[in-house]
Amino acid sequence: METLTYRSLDGPLAVLQPEEAEALAAGIRGGVITPADADYEATRRVWNGMVDRHPALIARCLGSQDVRRAIDFARDHRMLVSVRGGGHHIAGNAVAEGGLVIDLSALRGVRVDPQARTARVGAGALLGDVDHETQAFGLATPLGINSTTGVAGLCLGGGFGWLTRQYGLTIDNLLSADIVTADGQLHVVSASQEPELFWALQGGGGNFGVVTSFEFRLHPVGPQVHAGLVVYPFAQAQKVLRAWRDLSAGAPRELSIWTVLRQAPPLPFLPESIHGQPVVVFALVHHGALEEGERLAARVLEFGEPVGSMLGPQPYAGFQTAFDPLLTAGARNYWKSHNFLAVTDELIDAVIRGAEALPGPECEVFIAQLGGAAGEVEVADTAYAGRDANFVMNVHGRWQDPAEDDRVRDWARGVFRDTGPFATGGGYVNFLTEDEAGRVDSAYGQNYARLQEVKRRYDPDNLFRINQNIAPAVLARTA
């Protein structure tokens, strides 16, 4: 093994001797990957193709003891460190340039207790791993809508999806977690065991240590749900979006309807003449009685004159993969996001204007319907502060050619700017890009100062800083 340079916490480059890296590798069951290894290039890649960072070392951890050794090594060498779960975060926080990546991607085990209705989930598990195991027993926990998303990052930032209106956020269903903190110690945390650290994990991101496993509460769901898509031509956008807004206001919690404005992909139920044309798509899931789901879904068909639809009973786990083909790894991605209390006529008009200027066939504006159980938790009860958001918008710039970077980012920023007057001012940390560090404190609102105190206690030197970072309280006061 050759001499390596790495980025230190103090800023400058430092030198790592071969015997030091070899000693780390000997203590990590999954081994350590360096830039000289054949699998380095593939291992350093993450979902967002814009992220092109070169870590000095990648520690492939297979358990908490591996994580402890990696953290001790990074701390003792004052080495920049990042943590990789599913590698799906938009900002690419899984990879530290010139640092040590603690790679948890092999920890994909999911163990279900169907009697207790709980699941123990490894920190490298993807949504599809959890759905596969839990749906075998007709159970589920609120997660996202893309089966390749990592559970760890989703949960630590809050987490929402089709079940959120009925059962809350992902963090609202977190019962306990195993976490290794900056001092290399393993903690098992819950509402009754180190409750302040557990509170911080419920939305505070990866600021407080490396979570190696999660325990979730499960709920009866499916395995069949009434779900699908309804597609309208863009010319009807104002009419159908207002109808969606009105239906959402009185919808039962078993029903979630999200809307997407984009160019129509070549879906088999759409006429070829619609492919590539701007459309308004409504995606819905009703996880109650199938007959009631059919009745409610029929109302979405009455918003206007649809150009195509695909609705009916289908496996919940199957619908969780419906958007995977549109969200494959490797494309360039840039997001801008807002939270909203309500979808007003003025907001609808602003979103339509933004969608009229879509810069490419993979770009979209989507608005997720939340509220319900997610909004009934007091803001101070978890670190996640966006409880007032009944809707979350993501302006999703996605493209392939680096020459289009400025054009797509400018479009996303423009839609974000024009819809800002209707937003709450808060934000969802899982949707914040790497250039939005200034929004972190507003995303946490009244909880930010408390999070800084938890950070001071468990990570006073800010070892875990490659994230949507919360500065330790003592550092914040002296900055």
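The salt bridge (Lys or Arg N to Asp or Glu O under 4.0 Å) pairs that include a residue from residues 195-216 are Arg120-Glu215, Glu196-Arg450, where partners are two or more places apart or lie in different chains. Evaluation of the salt bridge (Lys or Arg N to Asp or Glu O under 4.0 Å) test over residues 104-116, restricted to residues two or more places apart or in two chains, returns Arg108-Asp129. Screening residues 366-381 for salt bridge (Lys or Arg N to Asp or Glu O under 4.0 Å), with sequence neighbours left out, gives Arg253-Glu376. Screening residues 24-50 for ring-ring contact (aromatic ring centres under 6.0 Å, His included) gives Trp47-His88, Trp47-Trp335 as the qualifying pairs, with residues at least two apart or on separate chains.
Distance OG1/Thr148 to CD/Gln320: 11.0 Å, rounded to 0.5 Å. How far CG of Asp66 is from CD1 of Ile102: 10.5 Å, rounded to the nearest 0.5 Å. To the nearest 0.5 Å, the span separating CZ on Arg439 from OH on Tyr444 amounts to 12.5 Å.
When the salt bridge (Lys or Arg N to Asp or Glu O under 4.0 Å) test is applied to Arg332, the partners found at least two apart in sequence or on another chain are Asp405. Legend: residues meeting salt bridge (Lys or Arg N to Asp or Glu O under 4.0 Å) with Glu41, ordered by chain and number and at least two apart, are Arg44, Arg45. Every residue two or more places apart in sequence or in another chain was checked for a ring pair (Phe, Tyr, Trp, His ring centres under 6.0 Å) with Trp399, and none qualifies. In terms of the side-chain contact (heavy atoms from CB on, under 4.5 Å) criterion, residue partners of Leu163 (sequence neighbours excluded) are, by chain and number, Ala140, Pro142, Tyr167, Val221, His287, Tyr316. Considering only residues two or more places apart in sequence or on other chains, Phe214 meets the ring pair (Phe, Tyr, Trp, His ring centres under 6.0 Å) condition with Phe216. Remark: Glu97 engages no residue in a salt bridge (Lys or Arg N to Asp or Glu O under 4.0 Å) (not counting sequence neighbours). Shown here are the ring pair (Phe, Tyr, Trp, His ring centres under 6.0 Å) partners of Tyr334, two or more places apart in sequence or in another chain: there are none. The ring pair (Phe, Tyr, Trp, His ring centres under 6.0 Å) search around Phe391 returns Trp244, not counting sequence neighbours.
No side-chain donor-acceptor contact under 3.5 Å links Ser147 and Thr321. Side chains of His219 and Thr141: a donor-acceptor N/O pair is absent below 3.5 angstrom, by distance only. In this structure, a donor-acceptor pair under 3.5 Å is absent between the side chains of Glu254 and His286. A side-chain donor-acceptor contact under 3.5 Å links His396 and Asn333.
Considering Val112, Leu175, Leu139, Asn173 in turn, Leu175 is the only one that fulfils the side-chain contact (heavy atoms from CB on, under 4.5 Å) rule with Thr118.
A salt bridge links Asp72 and Arg75; the closest N-O separation between the charged side-chain nitrogens and carboxylate oxygens is under 4.0 Å. Checked for salt-bridge contact, Lys336 and Glu436 meet the test: a charged N lies under 4.0 Å from a carboxylate O. Of the charged side-chain nitrogens involved, none lies within less than 4.0 Å of a carboxylate oxygen, so that Arg68 and Asp183 do not count as a salt-bridged pair.
A donor-acceptor pair under 3.5 Å is formed between the side chain of Arg165 and the backbone N or O of Leu370. Remark: the backbone N or O of Phe73 is paired with a side-chain donor or acceptor of His77 at under 3.5 angstrom. Formation of a donor-acceptor pair under 3.5 Å by the Asp131 side chain with backbone atoms of Ala317 is not found in this model.
Looking at every heavy atom in both residues, Ala227 comes nearest to Val285 through CB-CG2, 3.9 Å. Nearest heavy atom pair, residue Ala152 against residue Ala123, reads CB-O, 3.4 Å.
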Does the pair Asp388 and Asn339 meet the rule for a side chain to side chain donor-acceptor pair (under 3.5 Å), with working shown? CA-CA 8 Å; Asp388 58 348; Asn339 292 351; 5.3 Å; no

Run the ring pair (Phe, Tyr, Trp, His ring centres under 6.0 Å) test on His338 and Phe416 for me, step by step, so that the C-alpha distance in whole Å, both residues' side-chain angles and the decisive distance to 0.1 Å come before the verdict. CA-CA 7 Å; His338 278 309; Phe416 175 80; 4.0 Å; yes

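Using cut-offs of 30° and 60° for the angle between ring planes, the Tyr428 and Phe160 rings count as tilted.
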